[in-house]
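Since the structure is predicted, the reported quantities are computational estimates derived from the model, not experimental observations. Read the numbers this way: they start at 1 and go in the same order the structure lists the ligands and their atoms.
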Amino acid sequence: MSARLLDGVALARRLQQDLGPRVAAFTTRHGRPPGLGIVLVGDDPASQVYVRNKVRTGQEVGFRVDLERLPATATLDEVLAVVARLNASDAHDGILVQSPLPASMGHDAEQRVFDAITVQKDVDGFSPASVGLLSQNRAAIAAGTPSGVIELLLAEGIEMAGRHAVVVGRSDIVGKPMALLLLHRNATVTICHSRTRDLPAICRQADILVAAVGRPGLVTADWVKPGATVVDVGINRVTDPEVAAALFPEGHPRLAVFRDKGSVLVGDVHPNVADVAGALTPVPGGVGPLTIAMLMRNTLTAALVRAGEPVA
Ligand code: GUN
């Protein structure tokens, strides 16, 4: 069997196209566009790429996007001062502080920054107040990546109610909100993590299997129930030839990419899962593009809620 590929690129494009007229109407009504403040601290290469895409996409859908850049040497107080300014700003409806912050800021810096973002402007859904609302199923905004997964499952007509969903990974950014969002769609949810016993056996019970651990090719075909839907949230850059050879058989086009460029992007799901799964998100081109699309939707939602207008 060959799994149906779930196209996140096409859905992200549709979601962004739907936003355009709604953003334009907001701008006409209020005499200003919805505003997004993005804070980038330091020069982590991956974060710079992500942030560039967020700025560009925000501008494409018609937002005002302000990028606040701070050097890697910035202090936590300096970051908190930028957040306080954006919290108080009338022009900004959404605030996003790109994660990770430089390690030199200390282990609890990120939590303190997320704590400081006012819940109405928390378009990442990372603040404790946002997480609390999500746990009670009354959040207007939830984290972008897991929200994007739900949109993809809905768009592809994949039933969640009554199905067994297994989430591998318990991060605050993906695993935990993913489990809650699936629960709110009436799935029966199991969360697995590094201490889970017999992980393959639990994964094999899944009707919907979500992998979000950041380990290239961890989930192999023998972990997957035939016909299951497999969602691959991992984006791992593989530079080790042995790892690449374990993922792709000789002659595979992605192995050629690796040999050409010296690296290849792979998910947490091994390519051989395509022989067993019923549906599968590719990497790249599956969940990744939806994270930004959902951030855009969250920013418009924040602007509407702040203006006291209906969201739908
Ligand atoms: N780093 C990786 N993903 C994300 C995200 O969705 N939001 C923020 N703020 N940082 C990230």
Side-chain angles (χ1 to χ4, degrees), residues 8 12 15-16 36-58 63 65-70 72 74 76 79-80 82-83 86-87 92-103 105 108-119 121-131 134 139 141-152 169-178 180-181 210-215 231-237 265 267-268 281 283-284 286-299 301-302:
L15 291 170
Q16 275 157 225
L36 173 63
I38 300 181
V39 184
L40 174 61
V41 187
D43 34 40
D44 176 71
S47 290
Q48 292 192 61
V49 174
Y50 291 140
V51 164
R52 200 182 312 132
N53 286 336
K54 289 172 186 179
V55 171
R56 184 177 38 82
T57 310
F63 294 152
V65 185
D66 292 305
L67 174 58
E68 308 273 353
R69 287 203 71 156
L70 286 92
L76 177 57
V79 180
L80 291 172
V82 174
V83 169
L86 292 170
N87 277 341
H92 294 94
D93 303 284
I95 303 171
L96 177 149
V97 179
Q98 186 66 23
S99 165
L101 290 172
M105 275 193 179
D108 66 343
E110 221 159 76
Q111 198 59 68
R112 289 187 54 194
V113 168
F114 294 145
D115 286 355
I117 296 173
T118 188
V119 63
K121 296 190 178 187
D122 177 22
V123 287
D124 260 330
F126 293 167
S127 76
S130 300
V131 173
L134 176 62
I141 285 173
T145 301
S147 301
V149 171
I150 297 290
E151 286 302 316
L152 188 58
R170 55 176 158 178
S171 70
D172 290 338
I173 289 182
V174 182
K176 283 186 223 166
M178 183 79 258
L180 285 169
L181 288 169
V210 182
V213 279
R215 290 193 37 202
V231 177
D232 189 354
V233 182
I235 303 181
N236 311 291
R237 184 168 294 283
L265 278 187
D268 293 348
T281 63
V283 175
V287 174
L290 293 169
T291 299
I292 292 188
M294 296 313 291
L295 169 68
M296 300 302 139
R297 183 196 274 187
N298 284 349
T299 302
T301 298

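- Under the side-chain hydrogen bond (donor to acceptor under 3.5 Å, both in side chains) criterion, Gln111 pairs with Asp115, not counting sequence neighbours.
- Geometrically, ligand 1 and Thr291 share no nitrogen or oxygen pair separated by less than 3.5 Å.
- Here the CG atom belonging to Leu40 is positioned 4.5 Å from the CZ atom belonging to Arg69, to the nearest 0.5 angstrom.
- When non-hydrogen atoms are compared, ligand 1 lies under 4.0 Å from the backbone of Val97 (N, CA, C, O) but not from its side chain.
- Taking a 6.0 Å sphere around CZ of Arg215, one finds it holds 12 or fewer heavy atoms contributed by other residues, nucleotides or ligands.
- Only the side chain of Lys54 comes within contact range of ligand 1, with a heavy atom under 4.0 Å; no backbone atom does.
- Here Phe126 has side-chain heavy atoms under 4.0 Å from ligand 1, and that is the only part of it that gets that close.
- The nearest heavy-atom contact from the protein to atom 3 (N) of ligand 1 is Gln98 NE2, 4.5 Å.
- Nearest heavy-atom pair, Val82 versus Val39, reported as atom, atom and distance to 0.1 Å: CG1-CG2, 3.9 Å.
- Of all protein heavy atoms, the one closest to atom 1 (N) of ligand 1 is Ser99 O, 2.9 Å.
- Between atom CD of residue Glu151 and atom CG of residue Leu290 there is a gap of 8.5 Å, rounded to the nearest 0.5 Å.
- Using a non-hydrogen distance threshold of 4.0 Å, Asp124 registers as a contact of ligand 1.
- At least one heavy atom of Leu96 lies less than 4.0 angstrom from ligand 1.
- The protein reaches atom 10 (N) of ligand 1 closely, with a heavy atom under 4.0 angstrom from it.
- Listed by chain and number, the residues in a side-chain hydrogen bond (donor to acceptor under 3.5 Å, both in side chains) with Asp172 are Lys176 (sequence neighbours excluded).
- Side-chain contact of Asp122 with Ser130: a donor-acceptor pair under 3.5 Å is present, judged by distance alone.
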